[in-house]
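This is a predicted model, so every value here is computed, not measured. Computed over heavy atoms, backbone and side chain alike; hydrogens, waters and symmetry mates excluded. The first residue in the sequence is number 1, and the count goes up from there.
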Amino acid sequence: MRRNYYDLGDGEIAAAIAASAFAIYSFEENAGSQYQTKTRGPVRPAEAAPTRRLSMQNGKTSPAITTITPAANDKIQNEISRGGRNAENKADAWEKAQTAKIRKRHDELLSALLAWENEKKMIAKQQMERRKNQLELAMKRNLQHYKNKLARIDHIAKGARTQAEEKRKYEESIVKEKSNKIRSTGNVSVKCFCF
């Protein structure tokens with residue numbers, strides 16, 4: 001079963017990404033330096049040199065010293081260079097195959113990263129929308145609470161004004177009664193504040 005990259009925490013994903021990138025970089029760096037081809041020119045000895053070769057005599061191999069002429073040496077060099085070209089072609093094919101594998105793995109990693117990034121962004125956006133809706137709801141509640149407080153304050157102030165008006169009218173009526181009494185009798189009544 002394949003491990004789901006989305007279950008990893010943010011720190012673990014970052015470490016995995018860094019490790020993958022380092023591995024790909026070092027692999028590409030090693031592949032570039034390890035498989036560089038060197039160009040060699042044909043090696044021609046100045047004169048025929050004796051060389052040791054294995055020869056078959058009576059079904060057994062035995063070392064024998066043979067002399068290689070420059071023409072034979074050219075023939076051997078051509079065979080080696082053709083074999084070298086085949087080796088170079090094989091190396092090129094292998095290098096292309098390995099590079100294709102690396103790129104495919106890299107593309108898969110990038111697509112996984114993109115999917116992870118998109119998922120995280122979507123989750124963050126959903127959380128932001130949820131918080132925004134919660135804030136809007138809280139703002140509506142606060143506004144309603146504010147309106148209720150204002151209505152309560154207005155009601156209390158209106159009641160207090162009404163009571164103050166009634167008290168004023170009552171006190172004025174008392175003053176009018178006393179003034180009418182004073183007018184009718186001509187005496188100012190004095191209140192005695194005795195204990």
Side-chain angles (χ1 to χ4, degrees), residues 1-36 92-195:
M1 183 174 178
R2 185 176 172 190
R3 184 175 180 182
N4 192 355
Y5 290 107
Y6 308 116
D7 294 340
L8 298 176
D10 289 340
E12 292 174 1
I13 257 301
I17 291 168
S20 300
F22 178 73
I24 290 170
Y25 173 76
S26 27
F27 182 77
E28 288 174 351
E29 188 176 271
N30 287 341
S33 65
Q34 186 176 8
Y35 297 104
Q36 289 179 350
D92 289 341
W94 181 85
E95 181 182 3
K96 286 178 183 177
Q98 292 301 318
T99 305
K101 285 181 186 178
I102 290 169
R103 287 190 179 148
K104 181 180 177 186
R105 201 167 46 241
H106 180 72
D107 290 342
E108 288 175 358
L109 176 65
L110 287 181
S111 65
L113 287 174
L114 183 64
W116 175 83
E117 178 185 14
N118 290 337
E119 181 182 0
K120 292 296 182 181
K121 284 181 179 179
M122 183 183 64
I123 289 171
K125 185 175 181 180
Q126 288 174 346
Q127 288 175 347
M128 187 263 309
E129 290 293 329
R130 192 176 321 121
R131 287 180 184 149
K132 184 178 175 183
N133 291 338
Q134 289 173 349
L135 286 174
E136 288 176 1
L137 183 62
M139 285 178 61
K140 287 179 184 178
R141 286 180 186 160
N142 284 340
L143 183 63
Q144 187 63 39
H145 183 69
Y146 173 72
K147 287 180 180 179
N148 289 343
K149 268 190 172 181
L150 287 182
R152 190 169 47 247
I153 290 169
D154 286 342
H155 180 69
I156 292 170
K158 185 178 179 183
R161 273 190 229 105
T162 305
Q163 283 180 353
E165 189 67 29
E166 287 175 3
K167 186 176 180 180
R168 182 188 59 82
K169 285 180 182 177
Y170 174 72
E171 289 175 353
E172 284 179 356
S173 67
I174 291 176
V175 168
K176 282 186 182 182
E177 283 178 18
K178 284 186 181 183
S179 66
N180 285 339
K181 205 179 208 182
I182 291 173
R183 281 189 196 114
S184 64
T185 61
N187 293 339
V188 178
S189 62
V190 179
K191 286 188 177 181
C192 180
F193 294 104
C194 301
F195 296 100

Not counting sequence neighbours, which residues clear side-chain hydrogen bond (donor to acceptor under 3.5 Å, both in side chains) with [X]? List them please.
X: R141; result: none
X: D154; result: none
X: K121; result: E117
X: D107; result: none

Do E166 and Y170 come within less than 4.5 Å of each other through their side chains, counting heavy atoms only? no
Any chance you could measure [X], atom [atom1], to [Y], atom [atom2], to the nearest 0.5 Å?
X: L137; Y: N142; atom1: CG; atom2: CG; answer: 9.5 Å
X: I182; Y: E177; atom1: CD1; atom2: CD; answer: 12.0 Å
X: E108; Y: S111; atom1: CD; atom2: OG; answer: 6.5 Å
X: K101; Y: T99; atom1: NZ; atom2: OG1; answer: 11.0 Å
X: K176; Y: I174; atom1: NZ; atom2: CD1; answer: 13.0 Å
X: W116; Y: K120; atom1: CH2; atom2: NZ; answer: 6.5 Å

Pair K158-H155, side-chain contact (heavy atoms from CB on, under 4.5 Å): steps then yes or no: CA-CA 5 Å; K158 185 178 179 183; H155 180 69; 5.7 Å; no
Tell me, which pairs form a side-chain hydrogen bond (donor to acceptor under 3.5 Å, both in side chains) where one or both residues lie in residues 124-139, sequence neighbours left out? none
Is M122 atom CE crowded by more than 12 heavy atoms from other residues, nucleotides or ligands, each under 6.0 Å away? yes
side-chain contact (heavy atoms from CB on, under 4.5 Å) partners for S20, two or more places apart: L109
Just do the side-chain contact (heavy atoms from CB on, under 4.5 Å) check on M139 and L143 with the steps written out, would you? CA-CA 6 Å; M139 285 178 61; L143 183 63; over 6 Å; no
